[in-house]
Amino acid sequence: MKNKTDINEFHQLPILDGLELLNAKSCTFNFPFHTHNTFNISLILKNTFNTKLTDRFLKAPVGTICITNVKEVHATPCDNLIGNSFFTFYVSPDVISKLNNNKNVFFKDNIIYDQSIFSELYYLSLNFKQKDIQFEERLKSTLTSLISKYSYNQDNNYKTKQLFQSFINNTSFDGFSLSKTASEFGISKYKFIRLFKQETGLTPNNFILLKKIEQSKEMLRNGNPIFNVAIDCGFYDNSHFYKNFKRFIGVNPMEYQNAFFLS
């Protein structure tokens, strides 16, 4: 049953390579360690926003912008009593690169204090459904300012090292066995977990779960029935699928799918 204070809204817009938006209102559950194929640009609206990275624990006060780079491993523990409110723009790396003269972008500082940029992004977050405010052009202009003032022209540092690269690229993870896989590498399962997390930022179980979530998102965007998606992606049932999907995405599978077909 949904917590009455936990009302998140997910939106998808047919601009900027399919811009996605999450409006989290008094969110009371924790987002586990995960990554995104986008830049996450979050406006902190209520309560201090906590972000765990692989090597740091950050606190973003209300009125700041919290950014996670593409593939940057992070977790977001929310206040379980009064909740956190934030608005996130999920922006394609191709869009960000184009706004930076086709150069790669990396934000070294995850928390940014800039009242002007925050205010403009906040206005856009409130009015993205309005057709007379030139939303796309204003967002591109604001993102360009954000990039020029706070980013670096370099690749991010979150690439998997060579030990597990081939394994990750060539493994479907269906019926994955930790003990069997560790033995194939000639190490104990505990050492496998430690090395895998050291190189990817995620435990093997979280890594596999995240791959299932990403597969399910693609199937939902293609209009597949939710029950079929749950089974095809290896979840026990709809309840198991709904619970894990929301932990990573912020909304349940139906709310996510509706954003693509009811907007």
Side-chain angles (χ1 to χ4, degrees), residues 5-13 16-54 56-80 82-93 95-96 99 105-128 135 138-140 142-147 149-151 156 158 201 210 213 217 246-251 255-256 259:
T5 63
D6 170 28
I7 306 173
N8 296 345
E9 300 173 355
F10 187 89
H11 304 274
Q12 191 270 344
L13 304 181
L16 302 181
D17 291 353
L19 178 70
E20 297 180 356
L21 310 169
L22 176 65
N23 187 11
K25 303 175 182 179
S26 298
C27 185
T28 56
F29 62 88
N30 299 328
F31 294 79
F33 278 108
H34 62 291
T35 64
H36 291 272
N37 295 321
T38 59
F39 285 90
N40 295 8
I41 301 172
S42 298
L43 309 179
I44 312 308
L45 306 176
K46 171 188 169 186
N47 225 4
T48 298
F49 187 81
N50 297 312
T51 299
K52 292 181 180 179
L53 303 178
T54 54
R56 286 172 291 163
F57 184 86
L58 306 175
K59 290 182 176 293
V62 171
T64 61
I65 303 167
C66 185
I67 299 179
T68 53
N69 296 284
V70 177
K71 296 294 186 183
E72 186 168 23
V73 177
H74 63 288
T76 305
C78 291
D79 190 301
N80 300 135
I82 63 176
N84 292 80
S85 295
F86 53 93
F87 191 101
T88 300
F89 298 82
Y90 298 94
V91 188
S92 158
V95 169
I96 294 293
L99 295 176
V105 171
F106 178 75
F107 291 93
K108 184 177 181 180
D109 296 321
N110 297 87
I111 299 173
I112 293 172
Y113 302 80
D114 191 307
Q115 185 175 359
S116 176
I117 292 178
F118 180 93
S119 295
E120 179 66 4
L121 289 176
Y122 182 58
Y123 174 82
L124 294 174
S125 76
L126 294 175
N127 296 281
F128 64 89
F135 176 85
R138 290 180 67 166
L139 180 58
K140 287 167 64 176
T142 308
L143 291 175
T144 299
S145 296
L146 184 69
I147 293 165
K149 292 179 70 174
Y150 299 105
S151 77
N156 66 51
Y158 303 97
L210 186 57
I213 295 294
K217 285 170 61 180
K246 185 169 183 176
R247 286 176 64 228
F248 283 92
I249 308 303
V251 294
E255 292 166 330
Y256 179 85

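Just so it is clear, the model here is predicted, and its values are computed rather than measured.
Between Ile65 and Leu43, the shortest heavy-atom contact is CG1-CD2, 4.1 Å. In this structure, Phe29 and Lys246 approach most closely via the heavy-atom pair CE1-O, 3.4 Å. Considering all non-hydrogen atoms of both residues, Asn30 and Pro77 come closest at OD1-CA, 3.2 Å. The two residues Phe31 and Arg247 make their nearest non-hydrogen contact at CD2-O, 3.3 Å. The two residues Phe39 and Val105 come nearest to each other via the heavy atoms CZ-O, 3.4 Å. Pairing each heavy atom of Leu146 with each of Phe107, the nearest pair is O-CE2, 3.8 Å.
To the nearest 0.5 Å, atoms CZ (Phe33) and OG1 (Thr54) are separated by 7.5 Å. Between Phe49 atom CZ and Cys27 atom SG the span is 9.0 Å, to the nearest 0.5 Å. One finds the CD atom of Gln12 at 9.0 Å from the CG atom of Leu21 (value rounded to the nearest 0.5 Å). To the nearest 0.5 Å, the span separating OG1 on Thr144 from CG on Leu99 amounts to 4.0 Å. Note that OG of Ser151 is 8.5 Å distant from CD1 of Ile96, once rounded to the nearest 0.5 Å.
With contacts defined as side-chain heavy-atom distances shorter than 4.5 Å, the pair Asn110/Leu53 qualifies. Side-chain contact between Asn23 and Ser125 is absent, with no heavy-atom pair separated by less than 4.5 Å. Val91 is listed as a side-chain neighbour of Leu143, based on a closest heavy-atom distance under 4.5 Å. With a 4.5 Å cut-off on side-chain heavy atoms, Thr76 and Asn84 do not count as touching. Looking only at side-chain heavy atoms (C-beta outward), Leu19 and Phe135 come within less than 4.5 Å of each other.
Judged by distance alone, the side chain of Asp114 and the main-chain N or O of Ser116 form a donor-acceptor pair under 3.5 Å. Proximity of a side-chain donor or acceptor of Asn69 to a complementary backbone N or O of Glu72 within less than 3.5 Å is not detected. For the pair Asn8 (side chain) and Gly250 (backbone), a donor-acceptor distance under 3.5 Å is present. Looking only at distances, no side-chain donor or acceptor of Asn50 sits under 3.5 Å from a matching main-chain atom of Lys59.
Summarising the local packing, NZ of Lys46 is surrounded by more than 12 heavy atoms from other residues, nucleotides or ligands at distances under 6.0 Å.
Between His36 and His34, the ring planes lie perpendicular to each other; the angle is over 60°, past the 30° to 60° tilted range. Using bins of under 30°, 30° to 60° and over 60° for the plane-to-plane angle, the ring pair Phe87/Phe128 lands in the tilted bin.
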Checklist entry - Do Ile112 and Ile117 pass the side-chain contact (heavy atoms from CB on, under 4.5 Å) test, and can you show the C-alpha distance, the side-chain angles, and the key distance before you say yes or no? => result CA-CA 10 Å; Ile112 293 172; Ile117 292 178; over 6 Å; no
Next on the checklist: Could you go through Tyr90 and Leu22, starting from their C-alpha distance and side-chain angles, then the distance that decides it, and tell me whether this counts as side-chain contact (heavy atoms from CB on, under 4.5 Å)?
Outcome noted: CA-CA 8 Å; Tyr90 298 94; Leu22 176 65; 3.5 Å; yes
Next on the checklist: Checking Ile67 against Tyr150 for the side-chain contact (heavy atoms from CB on, under 4.5 Å) test, could you report, in this order, the C-alpha distance in whole Å, the side-chain angles of both residues, the deciding distance, and whether it holds?
Outcome noted: CA-CA 11 Å; Ile67 299 179; Tyr150 299 105; over 6 Å; no
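Side chain to side chain, Asn40 and Thr38 meet the donor-acceptor criterion of an N or O pair below 3.5 Å. A side-chain donor-acceptor contact under 3.5 Å links Asn37 and Lys71.
Here the rule is side chain to side chain contact (heavy atoms under 4.5 Å, CB included) with Ile41, and of Thr142, Thr88, Leu121, Thr68 only Leu121 fits it.
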